[in-house]
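Worksheet: the structure to be examined is printed underneath.
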Amino acid sequence: MKQVKSFNIQLFILAVTIFFLPLSLFSQTSFDSKKLEIEKMLNERVNQAISVGKISVDSIREHSKKGITIYLSKNFADFPFRENNVKIIYSEINQLLSTDFPNKTFVIVTDGHRIEDLILPEFSTKKRRGEKTFAINVKTPLITKLTSLNKPSKALQNRHIAMWQSHGYYFEQTLDRWEWQRARIFQTVEDLYTQSYVLPYLVPMLENAGAITLLPRERDTQKHEIIVDNDNGIEKTSEYKEKNGNKKWENGELEGFAHLRATYKDFENPFKEGCYRKIESITKGETSTAEWIPNIPTAGNYAVYISYKSSSKSTSGAFYTVYHLGGKSEFKINQKMGGGTWIYLGHFKFAEG
């Protein structure tokens, strides 16, 4: 029995080898002469727009009697494909290969996808079934500054821009100290240098043009932090108050924010450690209000953030008012988006107390 099994296995391997032999010869002979030309063309074209590393041709396969698939290195998938540049790439591939492979159609694949399928739906005239698109212009933006004197009508109004202002401060366990994530190069710390122009210059320029900027890192340089919340966390000197009008405040069904610890470790999320308050919105009648009254330790300029829970029933028109030394600033917040994090409203001057 063992000899019979061994004989069958050897026959199977031999059959597979014979079956793939034409494809192996095809890729190693006819195509090798054009491989370097294709790589040179692609690298020159891609480097005009973006740096993704050297693009190489992995292999070629006949996928049908009239079709040839060219497999490129995975990093080519990082190129921002658009209909015009995909068309140009295919045109140049045809010019390079049509003489050696007449009457053939070519398919270009990277990271398991045809390059034409890597065009984002928002930039494609051919909509593919089941694909969702994002709205470049949002009808109801995340933040509407109701009392702002700056009201751009064009430019970047209602555009949402996510930015990253370099790295940050972290605790290095092995050295038992806080330090910056990037090393000092020529006496410059990248974590500080990038912020030195992103925060005071770039972000205000974008916001003055109407954009809503979202930064994952803290943008306030104020050393004092005050958190006011409906849950009774470690902040004891500030006050949260509610007033019921036609509708009454009540706890939401899901988890919300609570500031229960001074230091957070991996996987500890303050936005899932408490509750949140909710109320039904009305179009007329006596309004219900909530107040967050901070105890300011020292007079100065403070960034004001808010946080809330987003759900399918959230309102797109929640009104917030910030009272500060310069008067009051009013905002309309689309709470259908942005829940479970901090939403920046602006910097304001406050007196002590």
Side-chain angles (χ1 to χ4, degrees), residues 138-148 158 160 212 214 220 222 224-262 264 268-297 299 302-353:
V138 179
K139 291 182 179 179
T140 306
L142 176 62
I143 303 170
T144 302
K145 299 179 180 180
L146 300 175
T147 52
S148 174
N158 297 350
H160 298 73
I212 298 158
L214 304 167
D220 193 9
Q222 170 65 249
H224 298 291
E225 179 182 77
I226 308 100
I227 297 178
V228 191
D229 183 40
N230 58 282
D231 285 288
N232 188 19
I234 61 175
E235 171 64 64
K236 304 296 184 182
T237 61
S238 298
E239 184 180 2
Y240 172 79
K241 295 168 62 176
E242 291 178 352
K243 174 189 173 184
N244 290 323
N246 282 21
K247 302 295 181 178
K248 293 184 178 181
W249 290 95
E250 59 184 9
N251 278 346
E253 300 83 1
L254 304 174
E255 73 278 356
F257 177 86
H259 186 35
L260 304 180
R261 61 192 87 218
Y264 288 88
E268 293 177 347
N269 187 349
F271 293 96
K272 294 184 177 181
E273 295 189 337
C275 67
Y276 65 97
R277 302 289 284 169
K278 69 174 186 176
I279 196 167
E280 184 180 345
S281 59
I282 60 173
T283 56
K284 60 180 179 179
E286 186 182 359
T287 58
S288 301
T289 60
E291 291 183 73
W292 294 263
I293 307 171
N295 182 21
I296 307 295
Y302 290 80
V304 174
Y305 293 81
I306 58 173
S307 182
Y308 47 82
K309 191 75 175 181
S310 289
S311 72
S312 58
K313 296 181 180 180
S314 294
T315 180
S316 59
F319 292 93
Y320 288 81
T321 303
V322 180
Y323 296 90
H324 49 89
L325 289 178
K328 65 178 182 178
S329 299
E330 297 176 342
F331 303 86
K332 184 176 76 170
I333 307 298
N334 181 2
Q335 293 191 166
K336 290 183 177 296
M337 62 173 77
T341 186
W342 294 112
I343 303 300
Y344 172 79
L345 297 184
H347 274 77
F348 307 93
K349 288 186 177 181
F350 295 95
E352 182 180 344

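Computed over heavy atoms, backbone and side chain alike; hydrogens, waters and symmetry mates excluded.
- Here the CD1 atom belonging to Ile343 is positioned 7.5 Å from the OG atom belonging to Ser307, to the nearest 0.5 angstrom.
- Looking only at distances, a side-chain donor or acceptor of His160 sits under 3.5 Å from a matching main-chain atom of Leu142.
- For the atom pair CG (Asp220) and OH (Tyr344), the distance works out to 7.5 Å, reported to the nearest 0.5 Å.
- Considering all non-hydrogen atoms of both residues, Cys275 and Asn251 come closest at SG-OD1, 3.8 Å.
- Ring geometry for Phe350 against Phe348 counts as perpendicular: the plane angle is over 60°, on a 0 to 90° scale with 30° as the lower cut.
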Worksheet entry | Trace of the side chain to side chain contact (heavy atoms under 4.5 Å, CB included) decision for Trp342 with Phe271 | CA-CA 10 Å; Trp342 294 112; Phe271 293 96; 3.6 Å; yes
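- Listed here is the closest heavy atom pair of Asn158 and Pro141: OD1-CG, 3.4 Å.
- Among Val322, Leu146, Thr144, the single residue meeting the side-chain contact (heavy atoms from CB on, under 4.5 Å) criterion with Phe331 is Val322.
- A salt bridge links Glu330 to Lys328: at least one charged side-chain nitrogen sits closer than 4.0 Å to a carboxylate oxygen.
- Summarising the geometry, atom OG1 belonging to Thr289 is positioned 7.5 Å from atom CH2 belonging to Trp249; distances are rounded to the nearest 0.5 Å.
- Closest approach of Thr140 and Asn334 over heavy atoms only: O-ND2, 3.0 Å.
- Residues Leu260 and Asp231 fail the side-chain proximity criterion, which asks for heavy atoms closer than 4.5 Å.
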Discussion item. One pair to check against side chain to side chain contact (heavy atoms under 4.5 Å, CB included): Tyr302 and His324. What are the steps and the verdict?
Written reply: CA-CA 10 Å; Tyr302 290 80; His324 49 89; over 6 Å; no
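- Note that CD of Glu242 is 12.5 Å distant from NZ of Lys248, once rounded to the nearest 0.5 Å.
- The shortest non-hydrogen separation linking Ser238 to Pro294 is OG-CA, 3.5 Å.
- Using a 4.5 Å heavy-atom threshold, the side chains of Lys309 and Gln335 count as separate.
- Residues Ile282 and Lys284 share a closest heavy-atom pair of CD1-O, 3.3 Å.
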Worksheet item: Should Phe319 and Thr287 be marked as a side chain to side chain contact (heavy atoms under 4.5 Å, CB included) after you check the CA-CA gap, both sets of side-chain angles, and the distance that decides it?
Response: CA-CA 11 Å; Phe319 292 93; Thr287 58; over 6 Å; no
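- The two atoms that bring Ser288 and Gly245 nearest to each other are OG-N, 2.7 Å, heavy atoms only.
- Atom OG1 of Thr341 and atom CG of Leu214 lie 9.0 Å apart (nearest 0.5 Å).
- At least one side-chain heavy atom of Ile293 sits under 4.5 Å from a side-chain heavy atom of Lys241.
- From Lys278, atom NZ reaches atom NZ of Lys247 across 12.5 Å, with rounding to the nearest 0.5 Å.
- Enclosure of atom NZ in Lys336 by more than 12 non-hydrogen atoms of other residues, nucleotides or ligands within 6.0 angstrom is indicated.
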Practice prompt. Please report the C-alpha distance between Ile226 and Trp292 in whole Å, then the side-chain angles of each, then the deciding distance to 0.1 Å, and finally whether the side chain to side chain contact (heavy atoms under 4.5 Å, CB included) criterion is met.
Written response: CA-CA 11 Å; Ile226 308 100; Trp292 294 263; over 6 Å; no
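- Side-chain contact check for Ile227 versus Glu225: some heavy-atom pair is nearer than 4.5 Å.
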